[in-house]
2 protein chains.
Amino acid sequence: MSKHTGTPQDAPRTAKRQRLPAGERRQKIIDGAVAFFAKVGLEGKTRDLAKDLGITQSLLFKYFESKDALIEAVYAQVYLERLSPDWPVRLADRSVPLRGRLLAFYSDYSKLIFEHEWMRIFMFSGLAGAELNRRYLEHMHRMILHPLLEEVRASSSQAITPDMEDLWNLHGGIVYIGIRQHIYRMPCPENPGPAIERTVDRFLQAFSVPTS
Amino acid sequence: MSKHTGTPQDAPRTAKRQRLPAGERRQKIIDGAVAFFAKVGLEGKTRDLAKDLGITQSLLFKYFESKDALIEAVYAQVYLERLSPDWPVRLADRSVPLRGRLLAFYSDYSKLIFEHEWMRIFMFSGLAGAELNRRYLEHMHRMILHPLLEEVRASSSQAITPDMEDLWNLHGGIVYIGIRQHIYRMPCPENPGPAIERTVDRFLQAFSVPTS
DNA sequence: CGCTTTGTTGATCATATGATCAACAGTTGG
DNA sequence: CCAACTGTTGATCATATGATCAACAAAGCG
């Protein structure tokens with residue numbers, strides 16, 4: 001008798017209501033909030049989020065002091081797992097050809113960021129001027145692109161060397177695939193790998209770094 | 001006695017209030033709305049906009065039926081003046097070297113789009129899924145990048161030819177300069193010209209198009 | 001000057017929204 | 001089975017927000 005077969009109507013509602021341990025519920029709320037705010041933006045209404053989650057709006061405020069606190073939790077969830085500390089190391093590992101390092105990095109990185117929720121929340125928070133956003137880009141500049149600049153210069157066999165703007169161009173051209181796909185919702189290749197590879201090769205070729 | 005010297009306090013308010021012909025006021029509202037929504041996003045409150053404009057909130061609704069109608073006017077103002085119909089023609093003019101055509105286009109185009117209000121409103125409306133946004137990108141694809149693809153292929157002297165993804169990469173890498181500057185508010189070169197030129201040259205070099 | 005026209009305001013309405021709280025109900029431990 | 005604990009709800013509050021409207025006032029016109 002403890003288990004009803006859901007509401008007798010045809011509504012696809014799972015059960016009447018769920019009672020969960022605090023930690024679990026909190027995580028469910030965060031996950032739902034990530035999807036919700038990615039969909040409608042950070043100005044999305046708490047009542048709509050609650051409806052998506054199948055809970056009451058007031059319950060949100062048992063787990064988060066305010067809507068801002070909830071958004072901070074969303075930021076933390078989305079940003080934190082996207083900064084792998086070993087990339088700076090691997091990118092500087094000169095026992096591997098530079099092309100291989102670049103392709104490995106952008107293969108991993110594109111898998112991480114070409115994701116609907118990340119792309120959109122990153123853009124929403126960027127437009128809102130969120131601090132985390134600035135820190136993330138600062139990190140990208142200092143820990144990824146700057147070392148990469150040194151690597152390209154070291155591997156380049158010509159007088160012409162890249163500057164930081166060239167690195168940002170490489171990076172931006174790749175990131176733009178995700179922007180087209182998730183921000184502008186344009187049709188994009190299901191696998192960005194080949195396009196990335198060609199982009200990296202064009203870049204390296206321009207600085208006379210061997211590409212094969 | 002018709003002209004007070006403004007409020008006697010130290011407030012920098014221009015005059016007590018202005019009475020303008022309808023067309024003029026309407027344009028002032030649109031201009032102010034463009035700046036306002038670019039600053040705070042399309043969810044900006046009409047009362048705040050009115051305060052920026054130095055008018056009453058209710059006056060907005062004398063000129064626009066609803067907030068949505070005002071936003072449509074903002075879109076029209078911002079989008080319409082950015083689609084020059086002669087670019088497709090100039091990009092296909094083979095009496096000029098391809099490099100010159102590309103540099104001329106991106107020189108003009110970057111001047112148009114690397115502008116705070118355009119960049120931000122384009123991104124806000126893109127995230128909101130605005131119809132105009134999709135049409136704009138469709139236009140960019142069909143009228144600019146597709147012809148450009150044919151031009152690069154025609155000028156290329158090698159077996160390797162670009163595909164549409166390569167063109168989007170060229171385009172995205174350049175546009176990303178504006179995104180860094182106006183969306184992420186990162187420090188950027190005051191003149192993007194050299195970076196654009198190097199980007200174009202790397203692209204052409206990859207397809208063996210003469211760059212000098 | 002008086003009359004009409006029209007740009008502008010201040011008060012107000014209906015609803016939406018973030019946040020709060022007492023009461024309810026499932027769970028655990030004795 | 002009772003009691004304490006805690007996850008959850010429904011009602012409610014205070015304020016914000018898009019939108020409306022009667023009244024005011026500056027300009028045009030006879």
Side-chain angles (χ1 to χ4, degrees), chain A residues 1-7 11 13-33 36-37 39-75 124 128, chain B residues 1-7 11 13-33 36-37 39-75 124 128:
Chain A
M1 205 177 286
S2 64
K3 194 198 287 184
H4 300 233
T5 53
T7 40
R13 191 161 311 171
T14 60
K16 177 91 184 264
R17 79 186 57 140
Q18 284 246 29
R19 186 190 172 88
L20 296 179
E24 211 169 308
R25 172 68 74 194
R26 187 185 156 89
Q27 193 53 48
K28 263 197 163 49
I29 291 178
I30 294 178
D31 291 341
F36 174 75
F37 288 126
K39 184 172 59 182
V40 305
L42 302 175
E43 319 252 339
K45 314 305 176 184
T46 55
R47 279 171 177 78
D48 295 330
L49 167 58
K51 187 174 289 182
D52 277 16
L53 282 164
I55 61 175
T56 345
Q57 180 240 8
S58 61
L59 190 58
L60 295 174
F61 292 90
K62 296 289 184 203
Y63 291 89
F64 300 94
E65 211 175 37
S66 65
K67 187 187 169 186
D68 280 345
L70 172 57
I71 289 179
E72 285 302 316
V74 166
Y75 283 170
F124 278 125
Chain B
M1 203 177 288
S2 63
K3 194 198 287 185
H4 301 232
T5 52
T7 40
R13 192 160 309 173
T14 61
K16 177 86 184 273
R17 80 187 55 144
Q18 283 246 30
R19 186 191 174 87
L20 296 179
E24 212 170 307
R25 173 67 73 193
R26 187 185 156 88
Q27 192 54 47
K28 264 197 162 53
I29 290 179
I30 293 179
D31 291 342
F36 174 74
F37 288 126
K39 182 172 60 184
V40 305
L42 302 175
E43 318 253 340
K45 316 303 177 185
T46 55
R47 280 171 176 79
D48 295 331
L49 167 59
K51 188 175 288 182
D52 276 15
L53 282 163
I55 61 175
T56 346
Q57 180 241 8
S58 61
L59 189 59
L60 294 174
F61 292 89
K62 296 291 183 196
Y63 290 90
F64 300 93
E65 212 175 35
S66 64
K67 187 187 169 187
D68 280 344
L70 172 57
I71 289 178
E72 284 303 317
V74 166
Y75 283 170
F124 278 123

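What you see below is based on every heavy atom in this structure, not just the backbone, and it leaves out hydrogens, waters and symmetry mates. Chain letters run A, B, ... following the sequence lines, proteins first, then strands; residues in each count from 1.
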Approximate separation, where rounding is to 0.5 Å, of B:Ile30 CD1 and B:Phe36 CZ: 15.5 Å
task: Check whether any side-chain N or O of A:Tyr63 sits under 4.0 Å from OP1 or OP2 of D:dT8, and answer yes or no.
output: yes
- request: For A:Leu53 and D:dT9, give me the distance from atom CG to atom P, rounded to whole Å.
  value: 11 Å
field: Base D:dA19 paired with B:Glu65 side chain (donor-acceptor, <3.5 Å)
entry: no
field: Between C:dT8 (C1') and B:Glu24 (CD): distance, integer Å
entry: 15 Å
message: I'd like to know whether CD of A:Glu43 has more than 12 heavy-atom contacts from other residues, nucleotides or ligands below 6.0 angstrom.
response: yes
field: Selection from C:dG18, D:dT8, D:dA19 that lies nearest to any side-chain heavy atom of A:Lys67
entry: C:dG18
- line: Among the nucleotides C:dT8, D:dA11, D:dT8, whichever has the atom closest to the side chain of B:Thr56 is C:dT8
message: Can you measure B:Ile55 atom CD1 to D:dA26 atom C1' for me and round it to whole angstrom units?
response: 17 Å
- line: To the nearest angstrom, the CG-P distance between B:Leu59 and D:dA25 comes to 16 Å
message: Taking the minimum atom-to-atom distance to the side chain of B:Arg19, which one of D:dT9, C:dT6, D:dT6 wins?
response: C:dT6
field: Approximate separation, where rounding is to 0.5 Å, of A:Lys28 NZ and A:Gln18 CD
entry: 7.0 Å
message: Do A:Ile29 and A:Ile55 make a side-chain contact, defined as non-hydrogen atoms from C-beta onward lying under 4.5 Å apart?
response: yes
message: The side chain of A:Phe61 is closest to which nucleotide in this list: C:dG18, D:dC21, D:dT9?
response: C:dG18
Interatomic distance where CZ belongs to B:Phe64 and P belongs to C:dG7 [whole Å]: 14 Å
query: Whole-Å distance between C:dG10 P and B:Gln57 CD?
result: 12 Å
- prompt: Within the structure, does a side-chain N or O atom of B:Arg25 lie under 4.0 Å from either OP1 or OP2 of C:dT8?
  reply: yes
query: Is A:Ser58 side chain donor-acceptor paired with the D:dG10 base, going by distance under 3.5 Å alone?
result: yes
message: Distance check needed: C:dA19 P versus A:Leu49 CG, whole Å only.
response: 13 Å
field: Spacing between B:Lys51 atom NZ and C:dG10 atom P, to the nearest angstrom
entry: 13 Å
- prompt: Quick one: which of D:dT8, D:dA22, C:dT12 gets closest to the side chain of B:Arg47?
  reply: C:dT12
message: Nearest to the side chain of B:Lys62, heavy atoms from C-beta on, is which of D:dT8, D:dA19, D:dA22?
response: D:dA22
task: Look at the side-chain N and O atoms of A:Thr46 and state whether any lies under 4.0 Å from the OP1 or OP2 oxygen of C:dG18.
output: yes
query: Of A:Thr46, A:Leu42, A:Leu60, A:Leu49, which is the lone residue that meets side-chain contact (heavy atoms from CB on, under 4.5 Å) with A:Lys67?
result: A:Thr46
message: Under 4.0 Å, counting only non-hydrogen atoms across every strand here, what does A:Leu20 touch: a base, just sugar-phosphate, or nothing?
response: sugar-phosphate
